[in-house]
Amino acid sequence: MNENSFRLMPDNRMIPGAVVEKDGVHFGFYAPGVQQPWLLLYRKGTEEIVARLPFPDDDSCCLHTMKVKLRPSQYEYNYMVEDQVITDPYAFKIAGRETYGAKPSDSPHSLRGGFTDRPYDWGDDRLPSLAYSEAVMYHLHVRGFTKQKNSGVRKKGTFAGLREKIPYLKSLGINQVRLMPVYEFEEITSVSPGQVGVPRSQDEARMRMMEQLPGEQHYKRNFWGYGPGYYFALKSSYAYGPRPEEEFKDLVKALHAEGIEIILEFQFTDQADVGLITSCLYYWAMEYHVDGFALMARDSLTPEIARLPLFRTRKLICTWYPDSVIHSGAGEESHLLADCNDGFMNDCRRMLKGDAEFLSAFGYRLRKNAPGCPGINYMTNHDGFTLMDLVSYDRKHNAENMEQDRDGTDYNYSWNCGEEGPSRKRETLRLRMRQRKNAFAMMLLSQGVPMLLAGDEFGNSQNGNNNPYCHDSELTWVDWSRSRSERELTQFVCELIAYRKSHKVFHQDEELLCSDRRASGYPDLSYHGSQAWYGDFDHANRHIGCLYSCQYAGEKGFIYVAWNFDWQEQQFALPVNLTGGGWYKVMDTSQKDSFVPEDRQERLADVKSFAVPARTVVILEGREHDAAGI
């Protein structure tokens, strides 16, 4: 078969990629400085070239285009410039990586672009369109989330396996999932022996995931998926069946049916221009109905991207200073922007472990909710310790990465509660449980969007490894075997999420100003210490009381949250009876059953202060009437 077997047609569409149309396939190849590239057509599923077709001469543009009459279901394609074979960076499908973790081939034809031309019935699929203030985010790796043998799903490590876990996410109270990269990236790449060595920086370390496999050839592994990729193509090895695109769409549709949004992470290299990024985000929004993106790109591009009309209906999460975004005009109310950085995590971790001089920063993090650009609040992320490791290790343990323990951050702001690593001491285990409950309280009782790391709710551990980017094993797969022994923590997280959702005061649309902005007689938020109405932020203090006036959230009464991160019991002053009904304790993280059922909540005596145990968070509710409604 040769070029004469294919019908070439006029094509004036100036778009990159391979687009299936009614009368043929449009091919657009961006190749500045190249006079005449070639289109290579392969028999589907093979490296057999069936045709070499030259693009028409065009010296006026960097984008070479032509249309070819062919049956997309029978072919795959690449481009060729002189003797170099190039796989289309705009390809909507990549062939040749269907098996996860397969060693790369030396053949330049092993990867090929494919076509997506099968219609999909979205039915009555609708975006949940959640306000940021209503979201509870859950961060996960598609393969790692269900790959472990005790995950309880049949189609482990796949989009279909994640779909099987939707009932679990619903039971937890999650309404937004954030996926690490699901676009096509190379998880195993070959490296010449001369390139193997100690990385010169952490950034290089992430891209130099070294592993010695049998034979002389060296390889690097990229489990997380960050770095260069084919940004328009779905990762086919994350699919259980032969149709990855349909399987992923089934997942999105099923999540939407349960009111759960899906946010995709994209890390664009510095070589990616704004045109490629814009086209990519629009494609995933339109083709896959995703609800938003967590974008990692160079800072100069994010304000420009944030102004796109796309983000009036889709969410955009970036790392930036919200004020600069708003002042640039990108942070208009009509755009759904959010800020994601480590500020909340670092301040709250240091408060959790009891460091001095962080009480004021913690008070700020509780109320921070920048207009037009709310923050994403997390205590753990894929990069760093899990929550279990945060309370079990004082230092990183990255020897398994084979980088002489030089990779990963040295500043974890963690505390092992008295013993490094796993412990059988009952006192240590109870303290670690309490500290994890306190960490969840920090996230879920703060304004902004709480983001939970998958598995933290039942004690998933990475054995103290804070940078396991190069592992596809039990180390990085969520350990579902712990879910039974950690039911106390999982139950607490479920109840705390439900409590947050039922009390708008903890997830308001407006930023709290600690002022009486409604002339009601009470501020939206006030701080208290050993004296009522006087928050003592002395550098040596590690406890503070927060009083919320619920009327600012359209509710009745008051909620008082007492935070004690000190190693000793502390006294908290209570304001005089604000409602006439008294105070009721509803949560105490020092207790195994931390939430008190409503029918067992007792009215506190008329006292001016109350004691909170060491390293404990307590919630009191001030109600208008007592339990009998009198």
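Index from 1, following the sequence.
Between the side chain of Arg436 and the backbone N or O of Leu390, no donor-acceptor pair lies under 3.5 Å. Looking only at distances, a side-chain donor or acceptor of Ser171 sits under 3.5 Å from a matching main-chain atom of Tyr168. Listed for the Lys437 side chain is a donor-acceptor partner under 3.5 Å among the backbone atoms of Gln591. Between the side chain of Gln267 and the backbone N or O of Gly227, at least one donor-acceptor pair lies under 3.5 Å. Without hydrogens or angle criteria, Gln568 side chain to Pro613 main chain gives no donor-acceptor distance under 3.5 Å. Using a distance-only test at 3.5 Å, with no hydrogens or angles considered, a donor-acceptor pair links the side chain of Asp524 to the main chain of Cys514. No donor-acceptor pair under 3.5 Å is formed between the side chain of Glu457 and the backbone N or O of Thr490. Asp516 places a side-chain N or O within donor-acceptor distance of the main-chain N or O of Gly521, the cut-off being under 3.5 Å. A donor-acceptor pair under 3.5 Å is absent between the side-chain atoms of His256 and the main chain of Leu127, judged by distance alone. Counting only distance, with no hydrogens or angles, the side chain of Lys315 and the backbone of Leu130 share a donor-acceptor pair below 3.5 Å.
The side chain to side chain contact (heavy atoms under 4.5 Å, CB included) test with Leu162 singles out one residue from Leu251, Ile262, Val177, and that residue is Leu251. Exactly one of Tyr560, Phe537, Tyr534 qualifies for a ring pair (Phe, Tyr, Trp, His ring centres under 6.0 Å) with His528. That residue is Tyr560. Each of Phe266, Tyr183, Phe293, Tyr231 was scored for a ring pair (Phe, Tyr, Trp, His ring centres under 6.0 Å) with Trp284, with one residue passing: Phe266. Among Arg542, His539, Met351, the single residue meeting the side chain to side chain contact (heavy atoms under 4.5 Å, CB included) criterion with Leu359 is Met351.
Put simply, the side chain of Lys556 does not reach to within 4.5 Å of the side chain of Cys550, judged on heavy atoms. Contact annotation: the side chain of Met379 approaches that of Cys348 to within less than 4.5 Å [non-hydrogen atoms, C-beta and beyond]. Side-chain atoms of Val493 and Leu496, non-hydrogen and from C-beta on, never get closer than 4.5 Å to each other. Residues Arg314 and Val290 fail the side-chain proximity criterion, which asks for heavy atoms closer than 4.5 Å. For the pair Trp583 and Val607, the minimum side-chain heavy-atom distance is 4.5 Å or more. Counting heavy atoms from C-beta outward, Tyr378 and His139 have side chains that stay 4.5 Å or more apart.
Salt-bridge check for Asp509 with Lys504: passed, with a basic side-chain N closer than 4.0 Å to an acidic carboxylate O. Between Arg430 and Glu488 there is a salt bridge, with a side-chain nitrogen of the basic residue lying less than 4.0 Å from a carboxylate oxygen of the acidic one. The pair Glu621-Arg603 fails the salt-bridge criterion, with no side-chain N (NZ, NE, NH1 or NH2) lying under 4.0 Å from an Asp/Glu carboxylate O. At a threshold of 4.0 Å, the pair Glu287-Lys249 counts as salt-bridged, since one of the basic side-chain nitrogens sits closer than that to a carboxylate oxygen.
Atom CG of Asp270 has more than 12 neighbouring heavy atoms from other residues, nucleotides or ligands inside a 6.0 Å radius. Annotation: Arg600, atom CZ; neighbour count of heavy atoms from other residues, nucleotides and ligands within 6.0 Å does not exceed 12. When the shell of 6.0 Å around CZ of Arg126 is examined, it contains 12 or fewer heavy atoms from other residues, nucleotides or ligands.
Gly343 approaches Asn341 most closely through the heavy-atom pair N-OD1, 2.8 Å. Residues Ser549 and Pro523 share a closest heavy-atom pair of CB-O, 3.3 Å. Heavy atoms only, all atoms of each residue included: Leu620 and Leu604 are closest at CD1-CD2, 4.2 Å. Residues Trp563 and Phe572 approach most closely at O-CZ, 3.4 Å, considering heavy atoms. A pairwise comparison of heavy atoms in Ile166 and Ala254 identifies CD1-CB, 3.7 Å as the closest pair. The two residues Gln570 and Asn564 make their nearest non-hydrogen contact at CG-OD1, 3.4 Å.
Using modelled atom types and a 3.5 Å distance limit, the side chains of Tyr548 and Gln508 yield no donor-acceptor pair. For the 3.5 Å distance criterion, the side chains of Asp456 and Thr386 fail to qualify, holding no donor opposite an acceptor. In the model, Tyr411 has no side-chain atom that pairs as donor or acceptor with a side-chain atom of Arg349 under 3.5 Å. Judged by distance alone, the side chains of Ser520 and Gln551 do bring a donor and an acceptor atom under 3.5 Å apart. Checked by atom type, the side-chain pair Asn438/Thr589 shows a donor-acceptor distance below 3.5 Å. Between Arg434 and Thr616, the side chains place a donor N or O and an acceptor N or O closer than 3.5 Å (distance only, hydrogens not considered). Side chains of His543 and Asp566: a donor-acceptor N/O pair is absent below 3.5 angstrom, by distance only.
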Take Phe458 and Leu489 through the test side-chain contact (heavy atoms from CB on, under 4.5 Å) and record every step on the way to the result.
-> CA-CA 6 Å; Phe458 51 76; Leu489 182 62; 6.0 Å; no
Show your working on side-chain contact (heavy atoms from CB on, under 4.5 Å) between Asn466 and Tyr393 and close with a plain yes or no.
-> CA-CA 10 Å; Asn466 72 355; Tyr393 296 91; over 6 Å; no
Determine, step by step, whether Arg350 and Phe362 satisfy the side-chain contact (heavy atoms from CB on, under 4.5 Å) criterion, reporting the C-alpha distance in whole Å, the side-chain angles of both residues, the deciding distance to 0.1 Å, and the verdict.
-> CA-CA 9 Å; Arg350 300 194 71 170; Phe362 173 65; over 6 Å; no
Can you list the steps and then say if Phe385 with Thr380 is a side-chain contact (heavy atoms from CB on, under 4.5 Å)?
-> CA-CA 6 Å; Phe385 280 154; Thr380 54; 5.5 Å; no
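Aromatic rings from Phe358 and Phe565 are positioned such that their centres are separated by 6.0 Å or more.
Using bins of under 30°, 30° to 60° and over 60° for the plane-to-plane angle, the ring pair His382/Trp224 lands in the perpendicular bin. The aromatic rings of Phe595 and Tyr499 are tilted relative to each other, their planes meeting at an angle between 30° and 60°.
Shown here are the ring pair (Phe, Tyr, Trp, His ring centres under 6.0 Å) partners of Tyr552, two or more places apart in sequence or in another chain: there are none.
The cationic group of Lys353 does not satisfy the cation-pi geometry with Tyr413, failing either the under 6.0 Å distance to the six-membered ring centre or the 45° limit from the ring axis.
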